[in-house]
Every structure is written in C-alpha cells, then in structure tokens.
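The chains referred to below are lettered A, B, ... by the order of the sequence lines, with proteins before strands, and numbering in each begins at 1.
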Protein chains: 2
Amino acid sequence: MAVDSVACADCPLRAVAIFKQLPASEVALIQSLRHAQMHRPAGAILIEEGSNYPSLYTLFGGWAFRYMSLSDGRRQILNFLLPGDFIGLQQNIAGGASHGVEALTDVWLCPFPKDTLWELHRQAPELGYDITWLAAQEEGVVDNNLLSVGRRNAKERLATLLVILFKRAAALLPTAKRTEVPFPLTQVHIADALGLSLAHTHRTLRALEQLGLHRIRDGWLSLPNPLAIARVADIWGDGVPEQRPLI
Amino acid sequence: MAVDSVACADCPLRAVAIFKQLPASEVALIQSLRHAQMHRPAGAILIEEGSNYPSLYTLFGGWAFRYMSLSDGRRQILNFLLPGDFIGLQQNIAGGASHGVEALTDVWLCPFPKDTLWELHRQAPELGYDITWLAAQEEGVVDNNLLSVGRRNAKERLATLLVILFKRAAALLPTAKRTEVPFPLTQVHIADALGLSLAHTHRTLRALEQLGLHRIRDGWLSLPNPLAIARVADIWGDGVPEQRPLI
DNA sequence: CGACGTGTTGATCTCTCTCAATTAGAGTGG
DNA sequence: CCACTCTAATTGAGAGAGATCAACACGTCG
C-alpha cells in the first residue's frame, strides 16, 4: 500500500470492476481538484464530531466508520467506509448531521478542498449526478442499519452485518480471492454498530460461529454457508450495486 | 388545501421562510418538468417497497413516511416526510435502498418524470447541487434516528422524536402559531419509528405526559417544557437547517 | 514489568416484549 | 336509530432478550 500520490488516471481502484469507468476529461477534472494523498493511522479521527465544514476525502485505502455519540459517551456507528467511499459529504454540504469519522485501520486518503462539491457540479454535471448517487447510496446503507437495529434481534443483526460487509469487501477483491475478506472490526465496533452491549455481542458471535455461519480469524472473515447466514439475516437481494461512481 | 396545479412561481410553500429563494429561471425549469399536482388519501402507498425506478415527487401538502420491512412483517419507519420534502431520490437514483413510502395523511404531490434528476443536474448545476443537499440532509435525519434506536432508551427515543418533529413542523408554520403543531402519527407509527413495541410505546408516552413533557390531543402536539424534553432527549443543536432548497 | 486493549465468561437484573382483553369512538348499512 | 365492524388507545400479567457489573486471560508495547 505504498502510495506517493498516484495520478487519478492510474488509480488502481479505478481498475476494480465495481467502479464505473469515467471519461478521461472527468478524471482529469478530479485530478485537478485533488490534493496529494495522505496517510492516517488506525484510530485517528478523520472528521471531528460536530465540525461544520470539514475537508472532503475519497477513501483510497483502509477502512473507516461514521459515528454519532450522546453526551454520556454512548456511541452509535452509522456505517462503515471502505475503499472508494466518499467522506465528508453530509457535513460539508448540509450542516445537518454532526457525525464523526474515525479510521478503523491505517487509511490513505485523497483530500479535496471544501468547494469541490460545487465545482464538480458546476464543471461536470455527470460528476454532480454521481455525487448525488453516492449520497443516496450511503443513505441506503444507513436505512438498512436502521432496519436492523430497530427490528432485528441480536442474531439477525449480526448475520446481516456480516453478510453485507462480506459482500462489500469481496467486491473489492479479484473474483478468485473472494473466499475470505479482510475484517478489521473489533467486537466493540460490532456492538456499537448494532446497538448491542459488548457482552451480548460476544455471546451472539459465538453462537453464530457454533452454527457454522461465520469464521473470523486474524482479521479475516469467511462465511462457510452464505445461504444459511443470509437466511438468518432475512436478506434477499445482494445490496451491492453492480457499478458505482468513484470520485 | 384545494389545489388545482398552482404554478411553481406562486407556490405557497416557497413563501415559507425556511425555503431558499430561487432565481425565476430555475423555478421556471422546475415548472417545465413538473406534471399536474395529484392527491392521494391517507394510507396510500406512494412508492412500493422494492420498486426499482418509481416516480419522483415533491411533497406539497400532508405528511408521509419512508419505511422498510422484513419478510415476516416487522416494519421500521426510517423517517417522516413533511411538506417540501423530496420523495423517491434513493430508489430512483441508486437502486440500493428498497424502501417504501406511505401517506400518513391525505397528501398532495408534485410529480416529476424519472429523468428529472438528471435534467436538473444538466440544465442547472445549482439545482443539481440542491438535490445533493437534500439527499445529504435526509441522510442526516436517518443518522439521528439510528442513533436513537441504537443507543437511546425508550423515554429518550420518544423525547427525541417529539422534539425533532415539533421543530420540523413548527418551521412550516407562521412564527406566531408555533405553540402547537399538527401531529398525525398514531402510536403504531411512533412504535415503528422507534423500534419499540406498541404496548411499551404507549406506556412510555403516558410516562412522559405525566412528567408534563408533552401533550398530544386531537392530532396536535405541544411541548409545555421544551428545555426539559430536549434535556431528556440529549439534544443540543436544533437540527433544523435555517434554509433548505425546495425542488 | 505494569498498563492497556481485546476477548471471554458468569451472575444478576431490568427494560421491553408478548399475549390477551377491554374500552372508546367513527363509520356503515339496514 | 341500532347492530356491527374497525381502528386506535389502553391496561395487566408474565416472560425473556439483552444489559449491567465484575472478573480473568492473553498479547503487545513503552
């Protein structure tokens, strides 16, 4: 993952099948707005909760998550961010949601100045449309999490999270290597994402493992029986869009 | 609420202070894309859960809500839609979130053809930017709900919902009339929005009422002690943006 | 070596759910 | 005008999923 500001045109992410191909002119526009790539260690706060107009980033490498917390420290993880995800949209554009963003692993970021959103819309309507697409897509992910936390029990929530993260992570890997995917979450992250206590998360995790529905070892996740765990999760479609824009 | 396709330029909603003023040219563009206004009764399904590229609407009058459900019937309300909200963004733009939309009261809608999103982006970057703003804003609302459902207990959830809905509804009223706001939700809606059972929702509602934190009568909500209920909800900012775009 | 993060596990408690009934309008049709 | 139906609100009793609290094990790291 050694990165010395790879040019957007040569971006290895763009070679991954899930990302939509862009015309060279649009890639050039993105390149012209972008700053040099930067690195942040695992655990770093990428966007402070409550900050009003923070920077924008494309997550180039590593995982992160968005979260909100209550004044007494209770924290809810809203969704996880994987390579290719765009960071800072909500805060930058609509002061509304005052969530924070934290690096789950070491991350590499492509930073953009604050007025990038407007420039993209103005100079390339297609990219403006793509930004809207990304916003709508991320809301869909949060919708799913809300359904889980509101109406699924602990086993179902866990199954849902594992299935969805597996699919998202697998989509970034070469087809041949999709038997297991990187899984950097600790049980604390899982608990905070699912609205469960740490103890209960642990017990439920063990219960599902005993049923042969998942296996997490050394930061890798595999799903020995994808159909069975999807059935527990009550998921029909696959949830991962065929192709998505990459800004 | 008699409506025979009021022209966008004369739209009474645009006169409300929370809505951003648009240049006449942009209002004209919106008008040119829009179909004649339509009415739907309370309880009508405006967008079927799982439908792929449904119509787009601006909610002109009445309340609605977005929801998702599990195969056994459990339902989660994702967020409520009030006049001025844009409907159908997520499904239309990113096949991702397969949620439904249901009318909570009788509603009046301004329908737009499916390619409107793209046309707005292409013909008026400012409006494209506004669309993105709306998407980001709505995601912020869902973020808040996820925080509630994941990490707040029943009393806190209820307090949060009442405070936020009160503010959103009040912003649509003349300043002088903001002591009470329309409140068309039944306890079933509240329960489904908060991830609680109906019975517990009812008991918690009564408990908060006994504390003098709210009063719901004949479809109207008032908050006798706004500071106290906001304290229970653990809300600091006001959550309602000063000005928002109206498409 | 002590501090810390992460995982693990037991015991106990309680918030919230489930199930079941009852009451009170509002609407409908004869 | 009355039986009938339906929705929404209400209330009680009992049960259970998940929370809380408290230890302990293990590995890493300064």
Side-chain angles (χ1 to χ4, degrees), chain A residues 41-44 63 65 70 72-77 102-106 148-162 183-210 214-221 232, chain B residues 41-44 63 65 70 72-77 102-106 148-162 183-210 214-221 232:
Chain A
W63 288 33
F65 60 88
L70 297 174
D72 66 358
R74 281 174 286 176
R75 180 179 72 167
Q76 176 67 37
I77 290 182
E102 181 176 326
L104 190 55
T105 66
D106 277 29
S148 273
V149 173
R151 290 308 188 197
R152 281 192 246 245
N153 65 31
K155 276 187 190 175
E156 296 166 338
R157 287 184 214 183
L158 207 25
T160 305
L161 179 74
L162 294 180
F183 192 79
L185 319 206
T186 67
Q187 294 184 2
V188 174
H189 297 118
I190 299 177
D192 281 349
L194 300 183
L196 297 171
S197 72
L198 178 56
H200 198 58
T201 298
H202 174 255
R203 280 186 260 258
T204 307
L205 209 40
R206 284 295 82 80
L208 286 191
E209 186 181 38
Q210 231 102 78
H214 76 85
R215 181 191 158 87
I216 299 175
R217 285 288 179 286
D218 305 318
W220 290 82
L221 164 69
V232 172
Chain B
W63 289 33
F65 60 89
L70 297 175
D72 64 359
R74 281 175 285 177
R75 179 178 75 167
Q76 176 66 36
I77 290 182
E102 182 177 326
L104 190 54
T105 65
D106 276 29
S148 273
V149 173
R151 289 309 189 196
R152 283 191 246 245
N153 64 33
K155 276 188 191 173
E156 296 166 339
R157 288 184 214 182
L158 209 22
T160 304
L161 180 73
L162 295 180
F183 192 79
L185 317 207
T186 68
Q187 293 183 4
V188 174
H189 297 119
I190 299 177
D192 281 349
L194 299 183
L196 296 172
S197 72
L198 178 56
H200 198 57
T201 298
H202 174 255
R203 280 186 259 260
T204 308
L205 210 39
R206 284 294 82 80
L208 285 191
E209 185 181 40
Q210 230 102 76
H214 76 85
R215 182 190 158 87
I216 299 175
R217 285 288 180 286
D218 304 318
W220 291 82
L221 164 70
V232 172

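No engagement by B:Gly43 is indicated, since no non-hydrogen atom pair under 4.0 Å with the nucleic acid exists. When heavy atoms are screened at a 4.0 angstrom cut-off, B:Ala154 is found touching the sugar-phosphate backbone but no base atom. The residue A:Ser197 sits close to a base: some heavy atom pair falls under 4.0 Å.
For A:Glu209 and C:dT8, the CD to C1' distance is 12 Å, given to the nearest whole Å. Following rounding to the nearest Å, A:Leu104 (CG) and C:dT6 (C1') show an atom-to-atom distance of 14 Å. For the pair B:Arg151 CZ and C:dC15 P, the computed distance is 17 Å after rounding to whole Å. Between the CG atom of A:Leu198 and the P atom of C:dG10 there is a distance of 15 Å, given to the nearest Å. The nearest whole Å value for the distance from the NE2 atom in A:His189 to the P atom in C:dT6 is 7 Å. Atom pair B:Leu205:CG and D:dA9:P shows a separation of 9 Å (rounding to whole Å applied). One interatomic measurement links the two molecules: CZ of B:Arg217 to P of D:dA8, which rounds to 18 Å at whole-angstrom precision. Computed from coordinates, the B:Leu194 CG to C:dC15 C1' distance equals 15 Å when rounded to whole Å.
For A:Gln187, counting side-chain heavy atoms from C-beta on, the closest listed nucleotide (D:dG18, C:dG7, C:dT16) is C:dG7. Of the candidates D:dA19, D:dA9, D:dC21, the closest approach to any side-chain atom of A:Ala199 belongs to D:dC21. The B:Thr186 side chain lies nearest to D:dA8 when the options are D:dA8, D:dT20, C:dT18.
Evaluated for a side chain to side chain contact (heavy atoms under 4.5 Å, CB included) with A:Ile190, the options A:Thr201, A:Ile77, A:Leu196 yield exactly one hit, A:Thr201. Between A:Glu209 and the choices A:Arg217, A:Arg215, A:Arg203, the salt bridge (charged side-chain N to carboxylate O under 4.0 Å, His left out) rule is met once, by A:Arg217.
If A:Thr201 and B:Leu185 are placed on DNA chain D by their nearest nucleotide, the residue sitting closer to the 5' end is B:Leu185.
A donor-acceptor contact under 3.5 Å links the side chain of A:Arg203 to the base of C:dG10.
Heavy-atom minimum distance, A:Arg152 versus B:Arg74: CA-NH1, 3.9 Å. Residues A:Gln187 and A:Arg206 come closest through the heavy atom pair NE2-NH1, 4.0 Å.
OP1 or OP2 of C:dT8 lies within a sub-4.0 Å distance of a side-chain N or O belonging to A:His202.
With hydrogens and angles disregarded, no donor-acceptor distance shorter than 3.5 Å links the side chain of B:His202 to the backbone of B:Ala199.
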